[in-house]
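What's counted below: heavy atoms across the whole structure, side chains too, no hydrogens, waters or symmetry copies. Counting convention: from 1, in listed order, for ligands and their atoms alike. Please read these numbers as outputs of a predicted model, since none were measured by experiment.
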Amino acid sequence: MTDSASRAGTYTLAEIFSEPATWRKCLRALDDSGELGRLEGLLPSGGECLFVGCGSSFYLGLIAAAAWTALTGETARAVPASEILLFPRLLPERFHAILISRSGRTSEIIEAGECLKRLGRIPSLAVTCGTRTPIEGAASQVIHLPEADETSTVMTRSFTSMLLVLEMLAAERANAREFLTALRTLPGEMETRVEWIDATIRGLVDSRSFEDYVFLGQGPFQGVAQEAMLKVKEMSCSYAQCFHTLEFRHGPKAIVSPRTLITFFLSESGLEPEISVLREMKDLGAATLVVTNHANASVRQSADYLVELALPIPEVARPAAFVLPAQLLGFHTGVQKGLDPDKPRHLSRVVMLGSSDGDAGRGAA
Ligand code: F1P
């Protein structure tokens with residue numbers, strides 16, 4: 001491996017490997033400050049919980065919304081900030097918004113906050129890894145996670161850390177003490193798994209290359225599939241798509257060939273129906289990577305590559321761990337293609353829009 005290849009992605013790989021330790025720091029800081037309990041009490045009750053973000057932060061919102069409903073029973077959804085700016089009339093009648101932004105500077109998220117204020121719906125909370133950023137003026141309360149901030153352009157530990165904190169907030173709201181206890185074990189559990197997950201993914205990337213990368217997931221794992229797609233696009237400039245697992249039969253399976261790698265993020269709730277899609281795609285000739293908590297005989301039979309996490313935690317607490325193999329897939333595929341995941345093509349760490357960009361559509365609000 002040339003010197004430049006060995007240096008490629010130094011920051012990104014180090015930040016992926018630092019995730020368990022970073023999670024521990026973030027969860028401990030929040031526990032010590034008691035901030036979550038205080039904040040939870042300030043969140044309005046009734047109405048829908050709207051998670052708002054851009055890029056990875058939007059996909060993070062998709063998972064957080066599923067976890068929020070699963071834990072609290074309250075309706076929740078995720079929307080990209082641009083939807084609030086361009087189609088505010090599609091917003092639900094009653095809602096409170098939670099803004100998600102690693103940088104706290106992204107133009108669209110700041111403008112979405114301003115737009116909601118003009119609608120008399122000041123966002124109740126913002127979650128960010130930045131400090132002293134414009135997002136602090138866009139929400140009533142702010143959760144800061146400076147420990148999770150990163151040098152890389154692509155989001156890895158910031159994504160998983162902000163997700164875990166939002167899951168803790170939902171569990172606090174639901175008074176789900178057992179879930180909170182389980183979530184606090186995740187850093188220790190994953191610390192012992194990152195090395196072999198990395199070896200499994202390196203083995204995959206060194207063994208074969210693919211034209212198409214498809215990511216499939218249901219429920220909270222659909223947001224995982226979305227983020228996995230983005231990681232492979234951002235870090236390896238590969239053609240990647242994602243679908244709900246059972247939706248893949250309804251047309252998209254037409255693209256399946258031996259040059260297609262299909263990654264299944266298997267849920268527990270939908271295991272058997274999802275496994276039948278896995279078997280069918282294997283029979284159609286696809287290469288298959290399975291990320292699951294427990295693999296039974298039929299999974300082992302149809303998985304060319306398997307990441308079996310065996311985490312002793314509830315299903316809804318697992319998405320952050322399930323994302324990690326996909327971060328490594330994007331990383332190693334990028335390095336394999338001679339790219340530098342620290343410098344993803346065409347991307348900037350923060351998307352700041354100037355006046356020439358039409359103010360991101362100061363919508364009809
Ligand atoms: C997030 C984001 C990233 C993307 C790129 C540009 O912005 O869209 O998801 O990978 O780095 O920024 P934010 O979370 O800082 O608002």
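Applying the side-chain hydrogen bond (donor to acceptor under 3.5 Å, both in side chains) definition to pairs two or more places apart or across chains, those involving residues 13-26 are Glu15-Ser152, Ser18-Thr22, Ser18-Arg157, Glu19-Thr160, Trp23-Thr160, Arg24-Glu191.
Legend: residues meeting salt bridge (charged side-chain N to carboxylate O under 4.0 Å, His left out) with Glu48, ordered by chain and number and at least two apart, are Arg77. Shown here are the ring-ring contact (aromatic ring centres under 6.0 Å, His included) partners of Phe17, two or more places apart in sequence or in another chain: there are none.
Counted by atom type alone, Tyr213 and Ser236 present zero donor-acceptor pairs between their side chains at under 3.5 Å.
Annotation: the span from Ile109 atom CD1 to Ser103 atom OG amounts to 9.0 Å, rounded to 0.5 Å.
Every protein residue with a heavy atom nearer than 4.0 Å to ligand 1 is included here: Cys54, Gly55, Ser56, Ser57, Ser101, Arg102, Ser103, Thr106, Thr153, Met155, Glu234, Ser348, Arg349, Val351.
Ring geometry for Trp68 versus Phe51: interplanar angle over 60°, hence perpendicular rather than tilted (30 to 60°).
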